[in-house]
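Heads up: the structure comes next, in structure tokens.
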Amino acid sequence: MLRTHTAGELTKANVGQSISLCGWVDQLRDIGQLVFLSLRDRYGVTQCVFESANAEHPLLAKLKSLGHEFCVRVDGVVRMRSEKDINRSQPSGEIEVVIDELTILNESCELPFQVRDDVMAADDLRLKFRYLDLRRPKMQRNLQIRHQVVQATREALSELGFLEIETPMLIRSTPEGARDFVVPSRLHPGKFYALPQSPQLYKQMLMISGCDRYFQFAQAFRDEDLRADRVPVHTQIDMEMSFVEEKDVFAAVEKYMSNIFMKVKGIKLDTPFHIMSYQEAMDRFGCDKPDTRFALELKTITELAYKSSFGVFKDASCVRCLVVPNGESVTRKDLDGELADAAKIYGAKGLAWTRVKEGSLSGGIGKFLSEIEKPLLSEIGAQEGALILFVAASYNRCCAALSAVRLKLAAKLDLIDHSQFNFLWVNDFPLFEWDEDRKAYNAMHHLFTMPKVEDIQYLDSDPGRVRGQLYDLVLNGVELCSGSIRINRPEIQSQVIDIVGMPKEEAESKFGFLLESFKYGAPPHGGSAVGLDRLVAILCGESSIREVIAYPCNNVGVFPLDNSPAQLNPQQLGELKLSINPSQDA
RNA sequence: GGGGGAGUAGUUAAGUUGGUUAUAACGCCGGCCUGUCACGCCGGAGGCCGCGGGUUCAAGUCCCGUCUCUCCCGCCA
């Protein structure tokens, strides 16, 4: 090794030792005949120092020639700093290294941005020079936490008897759900592989193989439009178990999640996590991934609202409201601006409001509600000073709009305790959702989810009523995980395929191999997939998953570092027997 | 596919109802400094104001187009 120690590990225990450090020039503080060099590596920063009465000393000159991010090696002796010079904010702040020799391992060009946690460059520039961006201590810490999460998961699942097994990356394209990334085959011109959107089918077949318990850190690829928290490649903690019911999957997830929080945060999680049905979540929070760190629950007042003189309410299929206790600080500007906009984005025509003042409704639409004032106040439990916000639309739009308003209000009124980690299982999702365009049912999750046993009787008569053995894990309003108990019986599987209107031949050609595998003693099984990037982002206190992925792409799917995607050269296209038709619009 | 926002020095930003030489901080270069740690002080260089067109005596500023990025809806677990 070119070094004996790292910059993060030296303490007063090393005083008097001759040591060598390698790293980068974090900062050079040149006081003339006294020069301080802060040397940074992954482990921390150590102050190195050289002083000389001789202003012409060659080592002084060499130190002064250093620039930011030069890669250097320092040989020297560790010494205690005098009491007044101790830096309490650094782990190695009690000591410093007196430089005997300085080796410049490599110089650095002038930097595109400063490598410091408190200096933030634009995202695209950071990604173009990602190797510099990752030198920042915060990014190093994020990668380290990600590693700890992976290790803690591996440890806990291994202990439970799970096998880590890889599933194929080049698979058959099944145009269900998201668009596939496709890979042309050279050996089979005109044919394409797809990159997996999830290892779903392969992990289910591992259960049929008798592997019993599987997990994998699986990369999942989706060719869809991006968002701040959505990238085309993300990593899942993917697992599957045989001979289980929902609660067994919950227990396994809770086990590794507990290990993660203990190892990374030193926090003991309260298990089992609270469970809430989809319907309850929608009724109370208007959202299937409610942030339960604050209250602000929704109420449905459709029947009562019809009796008011407010015309908009009479025309709506559903009227829901949100009661904000002590809502005086929410201004007209907020109501008509930010909050109304939030509601409108999700399909509400507007956001009606009124306030409880001196026991009656005042302001906004209050004057139209006098007929129902008393029953309304008691039904929704609004107290003096409350602000009441209404949306009149379909049930789903009411939920979406008021849920968005609820989140805005929580931020505005500072209702969220950011030290909390609120886990919540949401289950009993509907198995199907109605697709208005297609005039048919779609699978809410995927086609392989087992209906709830007591709802199987409605599969033929009323599919919309059938709930699935389908669950999400929500943490602080972020959907971390989804999973289900799978169908293992061919006759139920074909019923489900019928309901979504997929012809038998199509099902056969897309995933006939899975259906066939069910015929050979497929065990009852189920599993889940946790979004690793989102989990790590929450643990790091980051709002974007790009902060916890070493090499993410930007928001339009371009990776500025290597400038992918890129064109293929004619020879490559020729080998693949592909031609590009640029004039064709999709 | 649709809507909002942004693009000015290496970086991050300011730039008034259109008006002289386009500011600041950090970085960079030079000088001074023996206890700094966001070191300090003095000096300096650095600009196609994203690109193209238009309005005007005059455009960083107004208009149109275009490119890039960003946030959101749709889409997507």
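None of the values given here were measured: they were computed from a predicted structure. Just so it is clear: chains get the letters A, B, ... in the order the sequence lines come, proteins before strands, and each one is counted from 1.
With centres under 5.5 Å and a plane angle under 30°, the ring of F36(A) is stacked against the base of U36(B).
One can find a donor-acceptor pair under 3.5 Å joining the base of G74(B) and the side-chain atoms of R227(A). On a pure distance criterion of 3.5 Å, a polar donor-acceptor pair joins the side chain of R81(A) and the base of C37(B). Applying the 3.5 Å distance criterion, the base of C37(B) shares no donor-acceptor pair with the side chain of D85(A). Within 3.5 Å, a donor on the side chain of R230(A) pairs with an acceptor on the base of C75(B), or the reverse. The base of G74(B) lies outside donor-acceptor range of the side chain of E224(A), with no N or O pair under 3.5 Å.
Between A59(B) and G52(B), the two C1' atoms lie 15 Å apart (nearest whole Å). A gap of 25 Å separates the P atoms of U68(B) and G60(B), to the nearest Å. Between the C1' atoms of U12(B) and C72(B), the separation comes to 25 Å (whole Å). When the C1' atom is used for both G50(B) and C26(B), the distance is 23 Å, rounded to whole Å. Across the C1' atoms, G54(B) and G46(B) are found 32 Å apart, a figure rounded to whole Å. Nucleotides A14(B) and A24(B) are separated by 16 Å at their P atoms, to the nearest Å. For the P atoms, the distance from U11(B) to G31(B) is 26 Å, rounded to whole Å. Spacing between A13(B) and U17(B) at atom P, rounded to whole Å, works out to 22 Å.
Using Watson-Crick or G-U wobble geometry with both donor-acceptor distances under 3.5 Å, C69(B) finds its partner in G5(B). Nucleotide U55(B) has no partner under the Watson-Crick or G-U criteria, as no pair reaches both atom distances under 3.5 Å. Searching all strands for a Watson-Crick or G-U wobble partner of C49(B) with both distances below 3.5 Å returns nothing.
Every residue two or more places apart in sequence or in another chain was checked for a side-chain hydrogen bond (donor to acceptor under 3.5 Å, both in side chains) with S482(A), and none qualifies. Under the side-chain hydrogen bond (donor to acceptor under 3.5 Å, both in side chains) criterion, R467(A) pairs with D455(A), sequence neighbours left out.
In this structure, L60(A) places its CG atom 13 Å from P of C32(B), rounding to the nearest Å.
A 4.5 Å side-chain heavy-atom check between D472(A) and Y278(A) finds every atom pair outside the cut-off.
Between H446(A) and the phosphate of A77(B), there is no side-chain N or O to OP1/OP2 separation shorter than 4.0 Å. For A77(B), one of the phosphate oxygens OP1 or OP2 lies less than 4.0 angstrom from a side-chain nitrogen or oxygen of Q197(A). Distances shown here put every side-chain N or O of N87(A) at or beyond 4.0 Å from the OP1 or OP2 atom of C37(B).
Picking from U34(B), G27(B), C76(B) the nucleotide with the shortest atom distance to the side chain of A178(A) gives C76(B).
Here the straight-line distance linking atom CG of L59(A) with atom CZ of F50(A) works out to 4.5 Å at 0.5 Å rounding.
Looking at heavy-atom distances under 4.0 Å, A529(A) makes no contact with the nucleic acid at all.
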